[in-house]
Amino acid sequence: MRSLIAAFLVLLLSPSIAFGWGRDGHAVISEIAHRELSPEVLDRVTEILGGRHMAEVGAWADEVRRQPAYRWSAPLHYSNIPPGEPAFVFERHSPPEGCAVAAIKRFSQELVDPELTDDQRREALKFLIHFVGDIHQPLHAGFAHDRGGNDIRVELLGRPFNLHAVWDSGLMRAAEVGPWPEYADRLHARITDHQRGAWSNLNPEVWTTESYQLAVTFAYAIPDDGKLDEEYVQRNIAIVDARLSIAGVRLAQLLNELLGEGDELDAAVDGEAAVPVGG
Ligand code: ADE
Ligand code: ZN
Ligand code: ZN
């Protein structure tokens with residue numbers, strides 16, 4: 001009986017089931033970004049956040065999305081694409097209520113808007129950290145008709161799940177990635193300068209299209225019986241590893257661009273950060 005109550009409490013308290021990446025995913029992305037920021041931009045970010053670490057605020061947007069005051073933000077956690085379309089095009093695919101791409105554009109502007117208050121800029125930064133992460137989760141760029149896999153019932157290693165939650169946090173748990181600080185450490189240690197250059201891109205429409213293609217090729221590619229086995233886990237934890245790493249690097253590149261003044265920032269926009277000048 002005691003273990004039943006314990007299991008219930010764990011379920012009740014486990015944060016953001018079927019939301020963004022789980023809490024750990026956002027912490028990993030924030031930690032990687034933290035390490036990739038230029039020293040001057042890290043100071044500015046820490047100042048805007050009132051001394052808090054990015055990893056502490058990465059999941060904030062999921063915590064508030066059901067509160068009446070923030071219900072407007074619920075559609076901003078994903079960008080859906082109609083079946084058959086090859087790419088996300090903002091003018092065609094962003095609905096009136098907004099989407100993750102619209103949110104990233106809006107909060108990028110608000111972060112550097114001198115007319116706004118410190119509180120408004122802090123909120124813009126917390127939203128930006130979160131939505132750059134979310135849009136790198138393949139099923140946050142899925143189909144509207146199944147709500148990014150939320151309506152698809154599956155079994156992950158014999159336990160009932162919805163497909164969206166498998167990708168938010170289920171794969172990480174099934175692959176036993178361990179505590180998030182160690183997972184972030186491992187992922188960050190593996191990132192090469194070649195990858196930093198290859199991933200360098202500040203266009204959220206491109207990020208969304210990548211996620212969508214991964215959703216179609218990997219996430220939605222499930223067997224008819226919906227039973228996801230060890231092979232599905234091993235194939236797809238590699239995608240999760242890559243998307244968390246890419247999201248962290250790009251979040252840092254975006255913040256270095258928005259909040260920095262140095263000229264390393266121009267390189268990030270051109271996608272040539274890894275190309276040595278004159279080399
Ligand atoms: N609701 C509708 N589409 C969604 C998506 N792609 N992710 C999360 N929630 C959604
Ligand atoms: Zn989210
Ligand atoms: Zn999610």
Side-chain angles (χ1 to χ4, degrees), residues 14-30 33 54-67 70-85 87-88 90 93-104 106-107 123-154 156 161-174 180 204-205 207-220 222 236-237 239-240 243-244 247-248 250-251:
S14 60
S16 63
I17 288 178
F19 286 174
W21 293 101
R23 189 168 251 296
D24 286 2
H26 284 288
V28 166
I29 292 166
S30 297
M54 283 201 285
E56 290 179 74
V57 303
W60 169 82
D62 279 335
E63 287 155 21
V64 300
R65 67 189 271 180
R66 282 186 294 192
Q67 296 172 8
Y70 285 98
R71 215 158 274 159
W72 56 270
S73 70
L76 306 184
H77 292 254
Y78 50 87
S79 289
N80 290 318
I81 303 187
E85 298 272 332
F88 183 87
F90 183 75
H93 299 136
S94 185
E97 68 273 21
C99 69
V101 174
I104 290 165
R106 168 182 163 186
F107 294 117
E123 194 159 298
L125 179 55
K126 291 194 291 185
F127 274 130
L128 199 54
I129 291 168
H130 185 87
F131 295 137
V132 170
D134 268 357
I135 204 56
H136 282 80
Q137 203 275 55
L139 285 174
H140 278 248
F143 299 129
H145 64 78
D146 57 31
R147 299 188 307 123
N150 274 298
D151 297 336
I152 300 177
R153 314 300 313 172
V154 294
L156 177 63
F161 261 89
N162 78 61
L163 186 61
H164 188 95
V166 165
W167 281 78
D168 272 349
S169 56
L171 286 167
M172 282 181 252
R173 216 164 302 163
W180 72 259
E205 290 169 86
W207 308 343
T208 304
T209 298
E210 288 170 358
S211 276
Y212 171 72
Q213 286 166 352
L214 292 170
V216 171
T217 309
F218 293 97
Y220 282 121
I222 59 172
N236 292 309
I237 191 64
I239 308 289
V240 170
R243 294 308 277 172
L244 295 173
R250 286 179 176 162
L251 175 57

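Atoms within a ligand are numbered from 1 in the order they appear, just like the ligands themselves. We use all heavy atoms of the structure for the numbers below, so side chains are in, but hydrogens, waters and symmetry mates are not. A quick note: this is a predicted structure, and the numbers were derived from the prediction, not measured.
- Taking both residues in full, the closest heavy atoms of Thr208 and Ser79 are given as CG2-CB, 3.9 Å, listed atom of the first, atom of the second, then distance.
- Here His77 has no heavy atoms under 4.0 Å from ligand 1, in either its backbone or its side chain.
- The side-chain hydrogen bond (donor to acceptor under 3.5 Å, both in side chains) test with Arg243 is passed by exactly one of Gln137, Glu210, His140: Glu210.
- Closest to the Zn ion (ligand 2) among the N, O or S atoms of Asp134 is OD2.
- Annotation: the span from Phe143 atom CZ to Tyr212 atom OH amounts to 4.5 Å, rounded to 0.5 Å.
- The atoms of ligand 1 that sit less than 4.0 Å from any heavy atom of Asn150 are 8 (C), 9 (N).
- At distances below 3.5 Å, at least one donor-acceptor pair connects side-chain atoms of His164 with backbone N or O atoms of Gly148.
- Residue-ligand proximity, Gly148 to ligand 1, at heavy-atom distances under 4.0 Å covers atoms 3 (N), 4 (C), 5 (C), 6 (N).
- The atoms of ligand 1 that sit less than 4.0 Å from any heavy atom of Asn80 are 2 (C), 3 (N), 4 (C), 5 (C), 6 (N).
- Closest approach of Ala174 to Leu156, counting heavy atoms only: CB-CD2, 4.2 Å.
- When distances to the Zn ion (ligand 2) are checked against a cut-off of 2.8 Å, His130 contributes an N, O or S atom below that limit.
- No side-chain donor-acceptor contact under 3.5 Å links Trp207 to the backbone of Ile135.
- Close approach to Leu139 involves these atoms of ligand 1, each under 4.0 Å from a residue heavy atom: 5 (C), 6 (N), 7 (N).
- Computed with the Zn ion (ligand 3) at the centre, the His164 NE2 to His140 NE2 angle is 90°, stated to 10 degrees.
- Closest N/O/S atom of Asp62 to the Zn ion (ligand 2): OD1.
- To the nearest 0.5 Å, atom CZ of residue Phe127 and atom NE2 of residue His77 are 7.0 Å apart.
- Among the atoms of His77, no N, O or S atom falls under 2.8 Å of the Zn ion (ligand 3).
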